[in-house]
Visitor: 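My questions all concern the structure below.
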Amino acid sequence: MENSQKLRVRFAPSPTGYLHVGGARTALYNYLLAKKHGGVFILRIEDTDLERSTPESIQAIMDGMNWLDLKWDEGPFYQTKRFDLYKEYIQKLVDAKKAYPCFCTPEELDAKRKIAQDNKQKPMYDRTCLKLSDAEVAAKKDAGLKYCIRFKSPDDGETVINDVIKGRVVVANKELDDLVIARTDGSPTYNFTVVVDDVTMGITHVIRGDDHLNNTPRQLQMYEALGFPVPLFAHVPMILGADKKRLSKRHGATSVMAYREMGYLPHALLNYLVRLGWSYKDQEVFTREELIEKFSLESVSGSAGVFNPEKLLWLNGLYIREAKAEDLLSEVEYQLSLKGITSVDKNLLLQTIKASQEKVKTLTEMAELIDFFFIKITPDQALLDKTFSPDAKKALGLVSQALQGLTDWTSNGIHALFEKLVADTGLGLGKLASPVRVALSGKKISPGIYDMLRILGRDESLKRITPYL
Ligand code: GLU
């Protein structure tokens, strides 16, 4: 940062029911910048759309942020609790003749809009009510006519956005008509509340999706009208699907918490998202500390990133393989709970994580691989028929007998036992191991056979094998 003012950034979602991965990336960029510069990261809930802003959908945003461990320093602030403040600033603009009441009815406006469209002109408010005298306004108010408040956009000149990512964007003021800043019920509109909020919260950098770039000139006009200092703007390109259309449910899961359910690690998702629009040399994998150190707005790309589920999966697998088993505990517990398996023994769980983390790319796969340690899984009939032929039963009997006499119940001891059995019986390892695998796990695919036996222990292993002899 060039100046010594403390950096203050915000993430300002409108609750829509869940935290979208695009929103999470915006939150992440804000968070990283705040951490990097010892600044403040604010959460502001833009909840003026009362229909969508239910307590559940607001909670869903915070759940997503908490899961990703994107801790905010101030907030959450709610716009619905700040209506008095917005009113105060609207009044300031009206008093300064920079905003005015408009009594045009929706029908009148629709009719004018239609004429403009028929003439292939851009529909713009024609300022009928700007021409009203004070006396006319007072008379209409006395008559109880409904009115909204419009911002008086400058007639000429231009508004310039110096965007850190998009560069210089210039809009002719005459292209912008007089925007409604308070509806007939008095409620303020987005382009106004966002300015009042960003100013009163001392925001120094506005980092948000470039779907808001069109709104920025209007917001800048309001900064100007209110005499507010302008923050730095950085509009981040959208995330696209493989078909280059904006990422949506058509492309697969877009909700952060859906990724949790699918067995992704929060940091793997963040590491994936951060690279969708930002890069540091050709480094792919970053710790959180590295991200904080290396992130900068200047190296955010101006073009949209394409969401690649395969790459996210690869990254997730990498993080699972390299994680300390302890660090996977809570998420694996969550996965098991989705399968109805609760209150598991932590020590047992740790061992099963270690025995499976090399083999999976998601924790859902991991839970699928290790659930039998905690509950009894009965193999389906097809697997039973395929596995337990008379020969296989005979092999299982040999293994069972040998296991009963094994004194060294360790991976090495079990390994040596199987090697000896192979040598003594002339049976292949597969022939000996496969019925053991199915008897212990109820599955065709499982963690390594030596790990399974070691972790289950002699008693439990023999208990599971015996019914198949
Ligand atoms: N509430 C807006 C949204 O969810 C963001 C507004 C902003 O960041 O200025 O898209």
Side-chain angles (χ1 to χ4, degrees), residues 7-34 39-54 57-65 68 70 72 74-83 85-86 89 151 159 161 163-166 169 179 181 187-223 226 228-239 246-248 254-256 273 277 297 300 304:
L7 181 142
R8 291 173 65 85
V9 291
R10 82 318 190 260
F11 175 50
S14 311
T16 54
Y18 61 91
L19 179 61
H20 189 281
V21 287
R25 188 190 55 166
T26 303
L28 174 65
Y29 286 180
N30 277 284
Y31 169 91
L32 292 175
L33 204 68
V40 176
F41 174 50
I42 295 170
L43 176 61
R44 180 170 79 225
I45 306 288
E46 307 214 318
D47 57 345
T48 51
D49 179 348
L50 298 178
E51 248 166 57
R52 304 180 93 183
S53 305
T54 59
S57 74
I58 293 172
Q59 190 56 47
I61 302 265
M62 292 199 265
D63 288 347
M65 303 268 291
L68 293 171
L70 296 176
W72 54 93
E74 289 180 19
F77 297 110
Y78 297 90
Q79 289 194 320
T80 45
K81 302 221 168 96
R82 297 166 60 83
F83 274 28
L85 186 73
Y86 306 135
Y89 281 99
F151 175 75
T159 298
I161 315 169
D163 192 274
V164 181
I165 299 168
K166 300 283 170 180
V169 181
L179 190 75
I181 56 175
S187 63
T189 58
Y190 161 71
N191 277 303
F192 184 73
T193 55
V194 74
V195 172
V196 172
D197 284 341
D198 285 342
V199 168
T200 53
M201 292 177 186
I203 301 302
T204 56
H205 295 60
V206 172
I207 306 165
R208 62 184 169 202
D210 69 0
D211 50 338
H212 285 287
L213 190 61
N214 281 340
N215 289 319
T216 309
R218 295 198 179 275
Q219 293 173 18
L220 282 171
Q221 290 184 344
M222 291 182 212
Y223 275 93
L226 288 162
F228 289 150
V230 174
L232 219 66
F233 286 96
H235 286 92
V236 181
M238 295 286 98
I239 299 178
R246 193 169 159 175
L247 188 70
S248 74
T254 54
S255 147
V256 164
L273 289 177
L297 279 181
V300 171

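For ligands, and for the atoms within them, numbers begin at 1 and follow the listed sequence.
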Visitor: Among all protein heavy atoms in this structure, tell me which lies nearest to atom 4 (O) of ligand 1, with the distance rounded to 0.1 Å.
Guide: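 Here the closest protein heavy atom is Ser14 N, 3.1 Å.
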Visitor: Checking side-chain hydrogen bond (donor to acceptor under 3.5 Å, both in side chains) against His235, which of Asn215, Asp163, Asp210 comes through?
Guide: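 Passing option: Asp163.
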Visitor: Closest approach of Thr80 and Thr48, non-hydrogen atoms and distance?
Guide: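 Closest approach of Thr80 to Thr48: CG2-CA, 4.3 Å.
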Visitor: Can you check whether Tyr190 has an N/O within less than 3.5 Å of an N/O in ligand 1?
Guide: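 Yes; the residue has a nitrogen or oxygen that sits under 3.5 Å from a nitrogen or oxygen of the ligand.
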Visitor: Checking the N or O distance criterion of under 3.5 Å, is ligand 1 in contact with Arg10?
Guide: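 Between Arg10 and ligand 1, an N or O pair is found under 3.5 Å apart.
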Visitor: Say whether Ala12, considering both its backbone and side-chain N or O atoms, lies within less than 3.5 Å of an N or O atom on ligand 1.
Guide: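 Indeed, backbone or side chain, Ala12 has an N or O that close.
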Visitor: Looking at Val194, which atoms of ligand 1 are within less than 4.0 Å of one of its heavy atoms?
Guide: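 Listed by number with element, the hits are 9 (O).
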Visitor: Does any donor atom in the side chain of Asp47 or Gln79 lie under 3.5 Å from an acceptor atom in the other side chain?
Guide: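 No donor-acceptor contact under 3.5 Å links the two side chains.
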Visitor: Taking Asp197 first and then Arg10, would you say they form a salt bridge - that is, a charged N and a carboxylate O separated by under 4.0 Å?
Guide: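 A salt bridge is absent here (no side-chain N lies under 4.0 Å from a carboxylate O).
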Visitor: Counting only heavy atoms closer than 4.0 Å, does ligand 1 sit against the backbone of Pro13, its side chain, both, or neither?
Guide: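 It is the backbone that gets close, since no side chain atom is under 4.0 Å.
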Visitor: Can you find a pair of side-chain heavy atoms, one from Ile239 and one from His20, that are under 4.5 Å apart?
Guide: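 A side-chain contact under 4.5 Å is absent here.
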Visitor: Just say parallel, tilted or perpendicular for the rings of Phe192 and Tyr86, cut-offs at 30° and 60°.
Guide: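 Plane angle over 60°, so perpendicular.
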Visitor: Return the option from Glu46, Gln79, Arg208, His212 holding the heavy atom at the smallest distance from atom 3 (C) of ligand 1.
Guide: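 Going through Glu46, Gln79, Arg208, His212 one by one, His212 has the nearest heavy atom to atom 3 (C) of ligand 1.
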